[in-house]
Amino acid sequence: MIRGTVCLVALLAGAGSASADPESDRQALARYFEQRFPDVEVAAHIDGAYALNAQTREQWLAMEDFPPYEFSVDDGEVLFGASFKDGSGYQDCFGDGNVKAHFPYFDLKEQSVVTLELAINDCRVASGEEPLAYDGEDIALLSAYMAFTSRDSVIDIEVPPEGLAAYEEGKQYYYSRRGQLNFSCSHCHMQMSGMKLRAETLSATIGHVTHWPVYRLKWQEIGPLHRRFKECNEQVGAEGLEYQSETYRNLEYFLTYMSQGLPLNGPASRK
Amino acid sequence: MKTNFSRRWFVKGLAAVAVIASFPGAAFARATGAFKADKTDSVVNVLFGDLPIEASSQITFRLPDIAENGAVVPATVATEIEGVTQIAIVIDENPNPLSAVFDIGESSVADVSTRIKVGKSSVARAYVKSRGRVFMTTREVKVTIGGCGG
Amino acid sequence: MKRFIALSSMLFVCLLAQANQLTMESVSEQILQAESLHQKARTVGHGWVITLKLIEQAKAALADDQLIKADELSKRALGTALASVTQSIKEKRVWRSRKPSS
Amino acid sequence: MTVKPVKIRGRLKGVIANIKCLMPHPMETGTRRDDAGELIPAHYIRTVTCLHNDSEVMTAHWGPSVSKDPYFSFKIKTASVGDSIKVSWVDNLGETSSGDIVLK
């Protein structure tokens, strides 16, 4: 009995210190936003800045009434249904497409984070098809359709011990100052969340990944999460990285765990 | 040389106006270049001639105060006024202020929504024509330069 | 960190010494140093866009025989490259302070 | 440009039919430039005709300042289950498309 308690105490002590325990990170972040926005449910942050600004929310709801990304979902459905040369198709890898809740995951064989976009290409390559360009339209349409079929399922990903290093790298990236403006993601999306940068209301970290891919009015087309990572990097004067680069996949891995347990609501329209 | 040039235009102009006048409602707007006009006054002149424009509080003109993105601004015009035959949306500061004109048939409700481009912060106007009278209401819409800067 | 500060201050000292003999070699040497520092920051995810721009402009000025302009641009590039390396080193130490305490 | 059909949704509340449609179209003003700096020619929907059981109930005339992939919603009185609603558009290049639904 003594040995049990000793090891338990050690464990708790360990958890308390800087060890990378995703669940305690997530709870601490949830508490941070509960204190910062007492009258905003944690789950409400899946609507991003529109959970924090009533005026812009009204405009957003007008857009969501019949959103322009519906065409992308329809086109994505056609692509999803097409079969490969060897007769198989995406259904063989993803069923009806309602799988986004379990992405990204840590692939033990590859020892790296696998996002939905990577899995789409893995599925194609396994059937002898050419992989799609990560900044291309087809992969955005496919992930738009799969995001749509995954709507309302709850984010449920795992960080196995082997995946802790990748998770930790994503976390470090998120909290590190970057670029000539010397901001980290957390400066805008935690300390300044709910406030404005020029006309932009800053969204909270929690809920950041639930609604992708996104049709940004600015882009006038649907685009993946990593396009937003790259754009954000460049806005603080940092060099943007490649879509699906290891850094961005680890960042998505960390951010997705921060939204663990929240319902998916993609694709979505944004300003 | 100059005089007969203008005389020829004058004769052609007369014929054109006669033809155009016979078009119903908004087609008249299209044909007479209301969409090409670059100032609100000329748009109103072409659309409604010299009918008085009566300010009205009976028109619901929903437009955001600050547009999320000037390229896609949700706009709704709805009214309880009876016998409405035409609704028009005008954005003063747009290169061509006239955005859209709607011919409302008898079995349609005077309540239309669309999404328009607003070039820069501007006064927006909703015109409602009913039984030979023209009512109008205005809204201010601000358009900001997007992005966080930096 | 101490070793690095020693290195960069030594770098600046020798640059100042050469300042008066402004030659093609000294300027292109400065560009190379800016590039290597920039690469050092980039590999740890701290590359800055401005450094890349300044390096390209410095190279263009050099190719155009505008020695003074190339020197000034490459010095600025060296400055931002150094700042980005400093940022990467400092952040490695302090980023955890921004994580909400569990 | 491959012309795509108009997406229409209709909801009946009593005798009032709420019709919402979305029309895939670039709605180019003619003043925008592409990445190479070339002016993109004007290409926008000019007329939208709405039919209720094949009789015209609404016509919209648009300039190029209506947003890309235009959204249009309107309401029809005296509508009932089984009525047909058809929305069609014509653009300045003479292209046309349409979509239709039956009210449920």
Side-chain angles (χ1 to χ4, degrees), chain B residues 23-38 43 47 62 67-79 84-119 122 124, chain D residues 6 9 11-32 42 44-80 83 85 87 89-92 103:
Chain B
F23 281 11
F28 176 76
R30 167 70 64 199
T32 54
F35 283 102
K36 292 277 180 293
D38 54 12
V43 167
L47 281 184
R62 266 202 305 277
E68 277 280 81
N69 186 310
V72 189
V73 181
T76 297
V77 182
T79 180
V84 170
T85 54
Q86 191 176 66
I87 291 179
I89 299 177
V90 168
I91 306 292
D92 283 5
E93 299 302 327
N94 271 357
N96 301 107
L98 180 58
S99 287
V101 180
F102 304 90
D103 284 347
I104 315 288
E106 290 91 36
S107 65
S108 280
V109 176
D111 179 348
V112 289
S113 297
T114 184
R115 294 166 186 162
I116 52 176
K117 299 172 193 172
V118 179
S122 172
Chain D
V6 174
R9 271 195 212 127
R11 239 199 355 256
L12 205 51
K13 278 197 199 126
V15 287
I16 305 279
N18 262 345
I19 311 295
K20 293 177 185 162
C21 34
L22 206 61
M23 311 170 202
H25 197 284
M27 298 302 280
E28 286 294 348
T29 55
T31 56
R32 221 164 56 89
Y44 58 90
I45 291 176
R46 295 166 63 111
T47 318
V48 180
T49 311
C50 310
L51 305 179
H52 172 215
N53 293 338
D54 298 329
S55 72
E56 203 174 303
V57 290
M58 164 86 69
T59 315
H61 292 263
W62 290 344
S65 64
V66 170
S67 302
K68 178 188 179 207
D69 296 338
Y71 167 76
F72 179 34
S73 103
F74 56 97
K75 293 187 172 73
I76 305 174
K77 307 177 201 161
T78 63
S80 50
D83 285 1
I85 306 284
V87 175
W89 56 257
V90 179
D91 68 21
N92 63 321
L103 288 179

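- How far OG of B/Ser108 is from CD of D/Glu56: 10.0 Å, rounded to the nearest 0.5 Å.
- Contacts of B/Val118 with chain D are absent, with no heavy-atom separation under 4.5 Å from either backbone or side chain.
- With a 4.5 Å cut-off on non-hydrogen atoms, B/Asp111 touches chain D through its backbone and its side chain both.
- Contacts with chain D were tallied for B/Gly105, B/Ser99, B/Pro95; B/Ser99 has the most, counting heavy-atom pairs under 4.5 Å.
- Put simply, the side chain of D/Met58 reaches to within 4.5 Å of the side chain of B/Ile104, judged on heavy atoms.
- Within the 3.5 Å criterion, the main-chain N or O of D/Tyr71 finds a donor-acceptor partner in the side chain of B/Thr114.
- Ring pair B/Phe102/D/Trp62 is perpendicular by interplanar angle, where above 60° counts as perpendicular and below 30° as parallel.
- Within the 4.5 angstrom heavy-atom criterion, no atom of D/Lys20 approaches chain B.
- Side-chain atoms of D/Lys77 come within 3.5 Å of backbone N or O of B/Glu106 as a donor-acceptor pair.
- Heavy-atom pairs under 4.5 Å with chain B were tallied for D/Val57, D/Thr78, D/Asp69, D/Ile19; the largest tally goes to D/Val57.
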- Task: Determine, stepwise, if the pair D/His61 / B/Leu98 fulfils side-chain contact (heavy atoms from CB on, under 4.5 Å).
- Result: CA-CA 10 Å; D/His61 292 263; B/Leu98 180 58; over 6 Å; no

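- The backbone N or O of D/Pro64 lies less than 3.5 Å from a partner atom in the side chain of B/Lys117, making a donor-acceptor pair.
- The minimum heavy-atom distance between D/Ser67 and B/Val72, with the atom names listed, is OG-CA, 3.4 Å.
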